[in-house]
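First comes the structure, then the notes that go with it.
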Amino acid sequence: SEANPRVEKLLDLAKEKNVKFTFYLSSMYLNDEQNLNLIKRMHDEGHTIGTRGDKAIDQLTASSNALYDSLWAMETKYQSIFGANERMHFYAPDKVSERNMKLANLMGYTVTFKLCNFVTDSGSRPQTYNGVVFQSSDITDDLVAQVTGYVGWGQSEEYTFKGFTK
């Protein structure tokens with residue numbers, strides 16, 4: 001994957017600064033063998049892993065069975081890598097509906113929503129709030145630079161950084 005060097009930079013940053021992130025994987029990313037070592041590294045270094053679902057289906061119009069099957073196929077793949085007792089913890093749907101949230105709940109997921117742009121520059125200091133979330137469906141050099149700067153600043157202000165946990 002083209003993003004893998006940037007994912008490695010985020011993982012290196014997390015290790016160096018002793019912080020944890022939550023990574024949401026698409027079915028395409030999870031099933032791409034080029035990503036296997038990075039996915040194992042995310043897991044082995046204690047980061048939280050969630051699913052974004054299958055980008056190949058429209059999560060609003062697909063039948064409940066099709067949505068369930070696509071999510072369960074990801075869980076099966078995940079379990080083939082890490083063992084039968086392992087689960088992805090969160091579901092961040094690309095498109096939200098009450099049905100999707102109920103199905104995710106029945107499958108044991110915690111549903112999270114994509115929240116963006118919580119960091120603003122007010123003069124010389126970033127402004128933030130407890131629970132800030134960086135989200136991007138594409139890990140760019142700019143995102144890596146932003147997260148790197150934010151983690152450095154946050155730690156200097158005695159903030160802690162953790163992945164989502166149940």
Side-chain angles (χ1 to χ4, degrees), residues 1-11 14 20-120 128-147 150 161-166:
S1 171
E2 286 181 29
N4 281 349
R6 293 182 290 276
V7 173
E8 286 180 42
K9 286 180 184 179
L10 286 176
L11 289 169
K20 301 298 180 205
F21 297 129
T22 298
F23 291 92
Y24 291 96
L25 308 180
S26 67
S27 60
M28 187 171 67
Y29 193 88
L30 181 64
N31 288 306
D32 186 338
E33 291 299 317
Q34 294 179 60
N35 303 325
L36 184 58
N37 288 336
L38 283 177
I39 295 167
K40 286 181 178 179
R41 184 175 170 196
M42 291 170 191
H43 178 272
D44 293 348
E45 292 180 5
H47 300 284
T48 305
I49 298 176
T51 177
R52 291 175 49 212
D54 186 343
K55 306 285 264 175
I57 67 168
D58 183 329
Q59 296 178 10
L60 286 180
T61 61
S63 71
S64 295
N65 286 343
L67 183 58
Y68 175 90
D69 290 347
S70 72
L71 290 170
W72 193 247
M74 290 187 68
E75 286 294 337
T76 302
K77 174 67 175 182
Y78 189 80
Q79 290 174 350
S80 75
I81 299 167
F82 298 113
N85 293 327
E86 292 284 331
R87 291 284 313 267
M88 288 184 275
H89 297 288
F90 295 91
Y91 172 53
D94 285 327
K95 297 177 181 177
V96 178
S97 72
E98 184 176 351
R99 180 201 64 157
N100 290 17
M101 292 188 293
K102 285 180 180 177
L103 180 61
N105 186 39
L106 287 171
M107 292 180 74
Y109 291 114
T110 298
V111 177
T112 59
F113 299 93
K114 295 177 180 159
L115 306 172
C116 304
N117 303 322
F118 276 85
V119 180
T120 60
T128 189
Y129 307 93
N130 288 335
V132 74
V133 175
F134 283 96
Q135 184 277 326
S136 178
S137 57
D138 186 21
I139 299 177
T140 63
D141 289 331
D142 287 342
L143 179 74
V144 172
Q146 184 181 21
V147 171
Y150 189 74
F161 294 82
K162 300 177 183 178
F164 288 123
T165 57
K166 279 198 162 197

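Excluded from the calculations below are hydrogen atoms, water molecules and symmetry mates; all remaining heavy atoms, backbone and side chain alike, are included.
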Can you name the salt bridge (charged side-chain N to carboxylate O under 4.0 Å, His left out) partners of R41, sequence neighbours left out? D12, E45
Under 3.5 Å: donor-acceptor pair, side chain of E75, backbone of M88: yes
Audit row: E86, I49, side chain to side chain contact (heavy atoms under 4.5 Å, CB included) steps and yes/no: CA-CA 10 Å; E86 292 284 331; I49 298 176; over 6 Å; no
Could you give the distance from CG (D142) to CZ (R6), rounded to the nearest 0.5 Å? 10.0 Å
My understanding is that only one of D54, N65, T51 makes a side chain to side chain contact (heavy atoms under 4.5 Å, CB included) with S70; could you say which? D54
Once rounded to the nearest 0.5 Å, what's the spacing between atom NZ of K20 and atom CE of M42? 13.0 Å
Could you tell me which non-hydrogen atom of K55 sits nearest to which non-hydrogen atom of S26, and how far apart they are? CG-CB, 4.0 Å
Locate the shortest heavy-atom distance separating V147 from F21; write the atom from each residue and the value. CG1-CZ, 3.9 Å
Contact summary for R99 and L60, nearest pair of heavy atoms: NH2-O, 3.8 Å
A quick test of your reading: do over 12 heavy atoms of other residues, nucleotides or ligands sit less than 6.0 Å from CE of M107? yes
Working note: L30 + N35, criterion side chain to side chain contact (heavy atoms under 4.5 Å, CB included); need CA distance, chi angles, decisive distance, verdict. CA-CA 7 Å; L30 181 64; N35 303 325; over 6 Å; no
Name the residue from H43, H89, H47 that meets the ring-ring contact (aromatic ring centres under 6.0 Å, His included) definition with F23. H47
Separation of Q34 CD from Y29 OH (nearest 0.5 Å): 9.5 Å
Residues that K40 engages under salt bridge (charged side-chain N to carboxylate O under 4.0 Å, His left out), provided they are two or more places apart: none
Compare every heavy atom of A62 with every heavy atom of I57, then report the nearest pair and how far apart it is. CD1-CB, 4.1 Å
In this structure, CG of D44 is separated from CD1 of I39 (nearest 0.5 Å) by 11.5 Å
Please indicate whether N37 has more than 12 foreign heavy atoms, meaning atoms of other residues, nucleotides or ligands, lying under 6.0 Å from its CG. no
Looking at N100 and Q59, would you say the former's side chain and the latter's main chain have a donor-acceptor pair under 3.5 Å? yes
D69 CG to S63 OG distance, which is reported to the nearest 0.5 Å: 7.5 Å
Distance in Å, S97 OG paired with K102 NZ, rounded so as to fall on 0.5 Å steps: 9.5 Å
